[in-house]
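Structure first, commentary second.
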Amino acid sequence: MNFHPPFRPRHLVLVLGDQLDAKSAALDRFDSTLDAVWMAEVAEESTHVWTHKARIALFLAAMRHFRDALCERGLTVHYRALEAAPNAGSFAKELITTASRLRPQKLIVVQPGEWRVEQCLRTTASQLGLELEIRPDRHFLCSREEFAAHAKARKQLRMEFFYREMRRRTGVLMDGEQPEGGAWNFDADNRERFGKGGPSEIAEPMSFPPDEITREVLAMVEKRFAQHPGSLTHFDWPVTPEQARAALQDFIRHRLANFGKYQDAMWSSGDGLFARPYLFHSRLSAAMNLKLLDPREVIAAAEEAYREGRAPLASVEGFIRQILGWREFVRGIYWHFMPGYLDLDELKATQPLPDFYWTGQTEMNCLREAIGQTLEFGYAHHIQRLMVTGLFSLLLGVKPQAIHEWYLAMYLDAVEWVELPNTLGMSQFADGGVMASKPYVASGKYIQRMSNYCVGCRFDPAQRIGPQACPFTTLYWDFLLRHEKLLAKNRRMTMQLKNLARLTAADRLAIRECAGQIIHRTPSQ
Ligand SMILES: Cc1cc2nc3c(=O)[nH]c(=O)nc-3n(C[C@H](O)[C@H](O)[C@H](O)COP(=O)(O)OP(=O)(O)OC[C@H]3O[C@@H](n4cnc5c(N)ncnc54)[C@H](O)[C@@H]3O)c2cc1C
Ligand code: SF4
């Protein structure tokens, strides 16, 4: 296939690694005889945070498949592969090289998923003296402007009200003017844990063994990014729209019915390390975030399963809320508050990120499991991210930007528009309550209730001081003590602060000392 035909294009359409959508607005009115596409693999995107090997591989494999699909449709694609010499290593430099040679009349791109990238493209276009047309991203159901209008009318932003508005606007799970089943939210039905024996049969998600293109990428990443974290051993992710659709159908058929009930439950299978990291989750986030899969299709498939009696309403509503509600809401928050959002630090947290976040080597079973699984698969489900890795960082007082960079690096589905509000806002409360109405804090007892991680752990979640004390439990009480004044302003913290008030001065001192020891013995750079 010829990716570098010699003609001078009218429009050069830039397609970024998370914009692999053949129906993208960037390709509207594309004329194959006049226009060309530009795609570039650049090392900078894998190194500005120390990216997991599987995340690098996923983006590159999906990009190469997308390139080939465009070429098969007869589009001209100027594609810069990472190993093609000389690759300048950054978007800006690569774009300058190609655009200076081709001298198109105009550059066209769809709104990028990261503020930094949008700024970079604007600056580069201006250096080149070329017009840059930024088109709206139709992948999302709520545009940046619609979210801004929603935000303008409110003193406080809350996902629940945004979600109701989206339900009304789209007609999803509606019965006329009323929500299907008479309630907007069935969250209360969706907090079950597995019994002592763990989950019964769960159909393993559909696997997509790497084809020749992906195998080439995996070999290149293994060699070129050898020092990066993570493993490629289990790489079986969908890398084309067809595969992503098959993964969706597989989830709807085999796991959606139980998704809601067990969405907060965590489990270590014990038989074979991290044998079942996905439980009843869809593992569709990466495919959606790369735009291989349209969220409307995902939502419609789930709603259809409910209407045909194949999945209960509580599960289907719970699943749809994640996509129509949370996913759209966090994107709105990101664009509404950037670039300032990146520097928020409401709790003035200053601790460095513990080293074990990069290795999984810690005595704390829950963190070893969640991080170990992340290194193996580039995946952890929401509660593992929020209530294990995120919670520990919050309780320890890790600098929000350090934990943000870790999440951006380690998860296959990480793109800043979705990762940052989840990390800084929902998980670290660094935005002071824009995303979440209170900090998500709990002691080790929450982890004990929702998982089997504490079984066999050398710590005891019921103890807050002493050699057996669970670090989560000690740090939970220490967190309340450290932030007592600030939290007292939040009505949703009343219960937790009432319990804190029962502690004697001696209890408080002992907790502070024990927390100090934990911080002291946690290695970090
Ligand atoms: C600290 C932290 C960081 C996160 N970083 C990311 C990230 O980089 N990329 C990402 O896509 N999600 C992120 N999430 C949200 C969530 O954890 C993942 O979307 C989910 O675990 C992906 O697995 P899944 O596809 O099996 O999801 P499922 O549990 O099957 O959920 C279905 C879909 O709902 C959407 N969804 C669910 N929760 C959220 C949420 N809170 N925000 C946005 N979309 C949501 C996802 O698209 C997901 O595929 C983060 C959450 C936390 C607490
Ligand atoms: S006892 Fe504490 S550290 Fe150990 S697994 Fe349970 S919550 Fe984690």
Side-chain angles (χ1 to χ4, degrees), residues 18 55 113 159 205 247-248 251 255-256 259-260 262-264 266 268 277-290 293 295 298-299 302 318-331 333-334 362-370 378-394 400 403-404 406-428 435-436 440 442-464 468-476 518:
D18 63 342
R55 179 170 179 266
M159 194 289 290
L248 166 64
F251 165 70
R255 291 179 303 285
L256 172 64
F259 170 85
Y262 296 119
Q263 75 185 80
D264 287 1
M266 299 177 277
S268 157
Y278 308 110
L279 302 171
F280 290 104
H281 292 268
S282 68
R283 79 162 195 160
L284 292 172
S285 51
M288 272 192 277
N289 296 350
L290 267 63
L293 196 54
V298 180
I299 292 167
F319 180 70
I320 287 178
R321 185 172 358 112
Q322 308 309 316
I323 298 168
L324 187 61
W326 280 113
R327 188 169 186 269
E328 296 286 333
F329 184 69
V330 300
R331 177 177 184 258
I333 295 275
Y334 180 81
T362 163
E363 286 182 301
M364 292 175 271
N365 267 6
C366 52
L367 280 162
R368 197 174 60 244
E369 292 273 348
Y379 178 89
H381 74 63
H382 186 65
I383 295 301
Q384 292 176 303
R385 298 189 209 193
L386 185 65
M387 299 308 287
V388 180
T389 44
L391 176 60
F392 191 76
S393 159
L394 172 63
I403 186 74
H404 146 62
W406 183 81
Y407 279 107
L408 190 58
M410 291 299 264
Y411 290 98
L412 264 82
D413 56 21
V415 185
E416 200 174 87
W417 66 263
V418 54
E419 177 278 327
L420 187 70
N422 268 299
T423 304
L424 245 72
M426 190 189 297
S427 155
Q428 304 298 299
M435 270 285 284
Y440 280 96
S443 73
K445 284 189 185 164
Y446 173 85
I447 294 174
Q448 182 183 40
R449 193 165 64 248
M450 296 311 296
S451 76
N452 64 342
Y453 293 152
C454 301
V455 179
C457 181
R458 95 153 189 75
F459 301 109
D460 177 355
Q463 292 194 36
R464 59 181 174 227
Q468 301 298 116
C470 163
F472 280 83
T473 304
T474 313
L475 292 172
Y476 164 73
I518 292 169

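The figures that follow rest on heavy atoms only: side chains count, while hydrogens, waters and symmetry mates do not. For ligands, and for the atoms within them, numbers begin at 1 and follow the listed sequence.
- Ring geometry for Y411 versus Y407: interplanar angle under 30°, hence parallel rather than tilted (30 to 60°).
- Remark: R283 pairs with D236 by the salt bridge (Lys or Arg N to Asp or Glu O under 4.0 Å) rule, at least two apart or across chains.
- Ring centers of H381 and Y278: at least 6.0 Å apart, outside the cut-off.
- Taken from CE in M435 to CE in M426, the straight-line distance is 4.0 Å, to the nearest 0.5 Å.
- Atom CG of L248 and atom CD1 of I299 lie 11.0 Å apart (nearest 0.5 Å).
- Near-neighbour remark for atom 8 (Fe) of ligand 2: protein N, O or S atoms under 2.8 Å are C366 SG; waters not counted.
- Summarising the geometry, atom CE belonging to M450 is positioned 9.5 Å from atom CE belonging to M387; distances are rounded to the nearest 0.5 Å.
- Put simply, CZ on R368 and OG1 on T362 are 7.5 Å apart, with the number rounded to the nearest 0.5 Å.
- Sorted by chain then number, the residues whose non-hydrogen atoms approach ligand 1 to under 4.0 Å are F259, H281, S282, R283, L284, S285, M288, N289, F319, Q322, I323, W326, R327, V330, Y379, A380, H381, H382, R385, L386, Y407, D413, A414, V418, E419, N422, T423, M426, S427.
- In this structure, F319 CZ and L256 CG are separated by 6.5 Å, a value rounded to the nearest 0.5 Å.
- In this view, D264 satisfies the salt bridge (Lys or Arg N to Asp or Glu O under 4.0 Å) rule with no residue, not counting sequence neighbours.
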